[in-house]
Amino acid sequence: MNTEMNKTPIPRMDVFGGMHFSVISGLTTEEGAKAKSKLFAAFVKTKSKLVQPTKDKDGVKFSNGSTYKYATLNAVLEAIKIAIGNEDLAYIQQPVTEGGKVGAHNYLINSLGAVLDLGSFLLDVSGARPQDAGGAMTYARRYSISSIFGIASEDDDDAQQFESKSEFYQPGEISTIKVVYHNKRVPITEVYSKALAGDEDASAMLKDKSNPAKVKVAIKSITAMWDFSKNITEKQNEENEKKRQAEKEKKKIDEAVNKVKSSKELENDPFSKI
């Protein structure tokens, strides 16, 4: 009996943790398995040899006055290159632009035909200048490849960012923010208005947890303004109602007083009983 036929076939693609591990077409089951195992081995060896790059670049200053340091993309890639050395391992960072977002789609490959698809890392650049979009692309490449190889390319500044981030946007800032709605880029205020009018698609877009941080802040800001406006309107209506009630009571009192006055005038009128 052919023992090869009794072996469980190894799938062309394995999916785990959002990653897709595959091999190029034309390989036998054994060749595909060997290619995958070799890629894994080379990746593990590379990570074990990797030396963290120096963080010698100053980042932007936060609103609380603090700053942070980071390793440039060149420094990160150089550290990876040295760690790979003679290992049969390479990476591909494919530029991606999608719905107002830019970033990089990352792959690990080897010469035997194995491909580890690590997915895309995208940043929202709605309304950004071309040079800002280019900076976002560089950041996405640095951040994603650093994450893949276990490089701490930035200082741990999560707390500083949390303390310094904007909690609300002013109307002028909100007016510049656009989102993708029905395959078109429209102002967030327009989508919010549609949601208030009962548009289910607009409402779903506003509730989407994958919205970029600045869109979430914009939605939060608009909601706060809307609630504040409604509260002012409600207070105004309450005051108007109080005024109407007061005028109504005053009218009743005036009518009662006038009635009493008329009654007394009749009593004092000597001709009223004739």
Side-chain angles (χ1 to χ4, degrees), residues 18 57-68 70 73 93-106 119-147 153-234:
K57 191 79 171 178
D58 290 326
V60 296
K61 183 175 290 187
F62 297 119
S63 60
N64 61 7
S66 61
T67 185
Y68 68 97
Y70 68 94
L73 176 60
Q93 288 195 289
Q94 179 182 359
V96 178
T97 57
E98 180 182 308
K101 297 179 180 180
V102 301
H105 197 110
N106 295 281
S120 297
F121 180 77
L122 303 176
L123 296 171
D124 185 83
V125 291
S126 304
R129 299 172 300 171
Q131 55 267 44
D132 293 332
M137 177 75 75
T138 299
Y139 179 86
R141 289 185 61 198
R142 177 172 61 85
Y143 196 91
S144 59
I145 200 70
S146 295
S147 177
S153 61
E154 296 182 5
D155 290 338
D156 186 3
D157 60 347
D158 289 345
Q160 294 176 345
Q161 289 191 35
F162 180 78
E163 292 172 0
S164 62
K165 70 182 180 66
S166 298
E167 293 185 0
F168 293 96
Y169 289 148
Q170 297 297 321
E173 296 174 295
I174 294 173
S175 64
T176 65
I177 298 175
K178 294 185 177 182
V179 294
V180 178
Y181 175 74
H182 287 180
N183 298 320
K184 294 182 179 180
R185 297 197 61 75
V186 298
I188 183 66
T189 50
E190 181 178 328
V191 177
Y192 199 98
S193 298
K194 291 180 181 294
L196 290 175
D199 188 315
E200 294 183 357
D201 291 341
S203 181
M205 182 270 147
L206 296 180
K207 295 176 181 178
D208 190 350
K209 294 183 178 180
S210 66
N211 282 329
K214 72 174 185 178
V215 171
K216 291 179 180 178
V217 174
I219 294 171
K220 179 181 177 182
S221 302
I222 297 172
T223 301
M225 293 177 192
W226 173 251
D227 290 342
F228 181 77
S229 176
K230 284 198 302 181
N231 184 54
I232 291 295
T233 301
E234 290 172 359

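All values derive from a computational prediction rather than experimental measurement.
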How far does OG1 of Thr189 sit from NZ of Lys178, to the nearest 0.5 angstrom? 10.0 Å
Are side-chain heavy atoms of Val191 and Asp199 found at a separation under 4.5 Å? no
Please give me the minimum heavy-atom distance between Ala136 and Val102, naming the atom from each residue. CB-CG2, 3.8 Å
Reference residue Gln93; test side chain to side chain donor-acceptor pair (under 3.5 Å); the match among His105, Arg141, Arg142: Arg141
Can you give me the closest heavy-atom contact between Thr138 and Leu73, atom names plus distance? CG2-CD2, 4.0 Å
Closest non-hydrogen atom pair, Val186 against Tyr181: CG2-CB, 3.7 Å
Nearest 0.5 angstrom please: Leu196 CG to Ser203 OG, how far? 9.0 Å
Could you walk me through whether Tyr143 and Leu123 pass the side-chain contact (heavy atoms from CB on, under 4.5 Å) test, one step at a time? CA-CA 11 Å; Tyr143 196 91; Leu123 296 171; over 6 Å; no
With sequence neighbours left out, what residues match Val180 under side-chain contact (heavy atoms from CB on, under 4.5 Å)? Arg185
Relative to each other, are the rings of Phe121 and Tyr139 parallel, tilted or perpendicular (30° and 60° limits)? tilted
Minimum heavy-atom distance Ile174-Ala218, with the two atoms named: CD1-O, 4.3 Å
For Ala104 versus Ala140, what's the shortest heavy-atom pair and its separation? N-CB, 4.3 Å
Starting at CD of Gln170, measure out to OG of Ser221 and round the result to the nearest 0.5 Å. 8.5 Å
Taking all atoms of both residues into account, what is the closest heavy-atom pair of Gly103 and Met137, and its distance? O-SD, 2.9 Å
So, do Asn211 and Met205 sit near enough that their side-chain heavy atoms are less than 4.5 Å apart? yes
Got a second to check how far Asp201's CG is from Leu206's CG, nearest 0.5 Å? 11.0 Å
About how many Å separate CD of Glu234 and OG of Ser229, when rounded to the nearest 0.5 Å? 10.0 Å
When rounded to the nearest 0.5 Å, the distance separating CD1 of Ile188 from CD1 of Ile177 is 7.5 Å
Surrounding CD of Glu98 (heavy atoms of other residues, nucleotides or ligands, distance under 6.0 Å), is the total greater than 12? no
